[in-house]
Enquirer: 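The structure under discussion is supplied below as structure tokens; questions concerning it will follow.
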Amino acid sequence: MIRDAQVLELLIDSVRRFVRTRLVPAESAVAQTDEIPAALVDDMRELGLFGMCIPEEYGGLGLTMEEEVRVTFELAWASPAFRSLIGTNNGIGSQGIIIDGTAAQKEKYLPRLASGELIASFALTEPDSGSDAAALRTRAVREGDSYILNGTKRYITNAPEAGIFTVMARTDPSIKGAAGISAFLVEAGTPGLALGKRDSKMGQKGAHTCDVIFQNCRVPAEQLIGGKEGAGFKTAMKVLDKGRLSIAAVCIGAAERILSDALAFALERQQFGKPIADFQLIQAMLADSKAELYAARSMVLDAARRRDAGENISTEASCCKLFASEMVGRVADRAVQIHGGAGYIAEYAVERFYRDVRLFRIYEGTTQIQKMIILMMTMILISKMKTRTRRTRKTTMMKATAWA
């Protein structure tokens, strides 16, 4: 599926060098200040990282899914905060426009998102609506050529920096489920849009979230994605399939970094007169981590290729998100154990990564939600197979009767 292997390898090599020489040395400062230096953000813009997945016709790199996850493996070697800043522009913040937006919406926003001039944000989660996204309460009432939005969104990634929000709101209160939800593009600074204080999180310092509050926020009707009411939840689900693969790829990049640090420490740390890497129980933890990491990487590349081929990968995306996010948690836990007391000290990156990766099992759909999706999709598949089997048996019986 790689369109130009040579160009891709050059991009991956450039990202790898940028991550190792510029981002990794800045990790500690970002963790302490909770801010990514403006110079690094400018460098990411110059590399084209804000537009990796935005079509070339709008100024992006137009990477395929497989190309994107391979670049993400390298990018996620550094603190997840760096990838988080560009992640919404390449994923949930732009994909709704790319998939379902009108021509005018694409022309207006995609070039600015690709260049990094605008930071995108995706506002779905609410105080009383998380995993059950179809239960959201934010309302959008049509009034002439505008919609009036009221409601609160919670834990919204990049909201403090965002220039544009993709907002899910209920346009038809008579429909309680997903069918009454529409998607809107709301620009920062729109009267009636306010931000809450930045959340103080367990980890991922430098990646900011906060509440987004709408109080009689008037949004022009032309900002309805696709110009069609009731399609918002479908748009969100299309976007989340891709987002789950992207998060799985981030988990793999982070796990590779954590494992590399753990191995380096095990080769250096001496106990009983020899490196602790010589002890079989340490070796077992390293081997288990490598095996699980390889399995996750293989899953994500396979699912990415299937998506590029046009297949429906909803089940595979959930499998990848489930396995990769749980995997990186186990790898981080083993790495802390290998570091011993040093693993509990902030001087070592493993302590920070241990906290950072915990979030991957929660956002973009919790582990439990992924299991529910996988089970539901599997049951649907089994049901279809049983139906086909019954039809085949019926046809066979009819033919047998005819021959008799």
Side-chain angles (χ1 to χ4, degrees), residues 1-30 36-56 58-95 113-117 119-120 157-158 204 206-207 242-243 245-261 293 296-298 300-301 303-305 307-308 320 324 328 349 352-353 356-357 360:
M1 297 306 302
I2 301 300
R3 294 171 302 168
D4 189 325
Q6 185 176 8
V7 172
L8 177 63
E9 290 306 322
L10 287 172
L11 174 62
I12 290 174
D13 184 61
S14 296
V15 172
R16 182 184 297 120
R17 284 187 282 108
F18 173 65
V19 167
R20 309 298 172 92
T21 61
R22 298 279 285 136
L23 298 188
V24 171
E27 287 176 337
S28 295
V30 170
I36 299 175
L40 290 180
V41 178
D42 289 340
D43 288 343
M44 288 191 278
R45 289 190 179 104
E46 190 172 331
L47 272 173
L49 297 181
F50 282 93
M52 288 194 303
C53 307
I54 294 174
E56 293 173 87
Y58 299 107
L61 299 181
L63 300 187
T64 65
M65 192 73 234
E66 182 181 356
E67 291 168 341
E68 179 194 345
V69 298
R70 289 192 59 192
V71 172
T72 301
F73 293 159
E74 299 299 332
L75 189 60
W77 180 273
S79 168
F82 298 113
R83 181 266 168 194
S84 182
L85 183 63
I86 69 165
T88 46
N89 276 39
N90 288 292
I92 55 180
S94 68
Q95 291 303 307
L113 290 171
S115 68
E117 175 191 344
I119 302 294
T157 300
N158 287 340
Q204 298 207 16
K242 181 180 186 299
L245 275 187
S246 297
I247 293 299
V250 174
C251 293
I252 291 160
E256 289 179 338
R257 164 69 182 284
I258 295 166
L259 181 57
S260 175
D261 285 1
L293 177 51
R297 187 184 182 98
S298 299
V300 170
L301 286 170
R305 288 166 184 151
R307 186 179 187 276
D308 287 337
C320 290
V328 72
R352 185 184 67 251
F353 271 100
D356 287 347
V357 303
F360 295 139

Enquirer: How would you list, by chain and number, every residue that makes a side-chain contact (heavy atoms from CB on, under 4.5 Å) with Leu40, sequence neighbours excluded?
Expert: Arg22, Leu23, Ala26, Ile36, Pro37, Asp43, Phe82
Enquirer: Minimum heavy-atom separation for Ser115 and Phe50, please, with both atom names.
Expert: C-CB, 4.4 Å
Enquirer: Please report the closest heavy-atom contact between Phe73 and Val300, naming both atoms and the distance.
Expert: CZ-CG1, 4.3 Å
Enquirer: List in chain and number order the residues that pass salt bridge (charged side-chain N to carboxylate O under 4.0 Å, His left out) with Glu117, two or more places apart in sequence or in another chain; answer none if no residue qualifies.
Expert: Arg112
Enquirer: With heavy-atom distances below 4.5 Å as the criterion, would you say the side chains of Thr157 and Ile92 are in contact?
Expert: no
Enquirer: Between Gln204 and Asp356 (side chain of the first, backbone of the second, donor and acceptor by atom type, cut-off under 3.5 Å), is there such a pair?
Expert: yes
Enquirer: Look up atom CG in Leu293 and atom CD1 in Ile252, then write down how far apart they are to the nearest 0.5 Å.
Expert: 7.0 Å
Enquirer: The criterion is side-chain contact (heavy atoms from CB on, under 4.5 Å); which residues satisfy it with Ala76, sequence neighbours excluded?
Expert: Val250
Enquirer: Could you check if a side-chain atom of Val357 sits within less than 4.5 angstrom of a side-chain atom of Ile258, using non-hydrogen atoms only?
Expert: yes
Enquirer: Testing the basics here: between Ala324 and Cys251, what is the closest heavy-atom pair and its distance to 0.1 Å?
Expert: O-CB, 3.5 Å
Enquirer: Run the side chain to side chain donor-acceptor pair (under 3.5 Å) test against Glu9 and tell me which residues pass, sequence neighbours left out.
Expert: Arg70
Enquirer: Return the minimal non-hydrogen interatomic distance between Gly51 and Asn90, and the atom names on each side.
Expert: C-OD1, 3.4 Å
Enquirer: Only pairs at least two apart or in different chains count here, so list each salt bridge (charged side-chain N to carboxylate O under 4.0 Å, His left out) that has a residue in residues 245-258.
Expert: Glu27-Arg257, Glu256-Arg297, Arg257-Asp261
Enquirer: With heavy-atom distances below 4.5 Å as the criterion, would you say the side chains of Leu49 and Val15 are in contact?
Expert: yes
Enquirer: Run the side-chain contact (heavy atoms from CB on, under 4.5 Å) test against Leu61 and tell me which residues pass, sequence neighbours left out.
Expert: Leu11, Met52, Leu63
Enquirer: Using 0.5 Å steps for rounding, measure from the CG atom of Leu113 to the CD atom of Gln95.
Expert: 10.5 Å
Enquirer: According to side chain to side chain donor-acceptor pair (under 3.5 Å), who are the partners of Thr88, at least two apart in sequence or on a separate chain?
Expert: Asn158
Enquirer: Kindly compute the distance separating CE (Met65) from SG (Cys53), expressed to the nearest 0.5 Å.
Expert: 6.5 Å
Enquirer: For Glu68, what residues pass the side chain to side chain donor-acceptor pair (under 3.5 Å) criterion, not counting sequence neighbours?
Expert: Lys242, Ser246
Enquirer: At their closest point, which heavy atom of Cys320 faces which heavy atom of Ala303, and how far apart are they?
Expert: SG-CB, 3.8 Å
Enquirer: Report the distance from atom CG of Leu47 to atom CG of Asp42, rounding to the nearest 0.5 Å.
Expert: 11.5 Å
Enquirer: Under the side chain to side chain donor-acceptor pair (under 3.5 Å) rule, what pairs show up with a residue in residues 71-86, not counting sequence neighbours?
Expert: Arg16-Glu74
Enquirer: Calculate, to the nearest 0.5 Å, the distance between atoms CE and CG belonging to Met44 and Leu75 respectively.
Expert: 8.0 Å
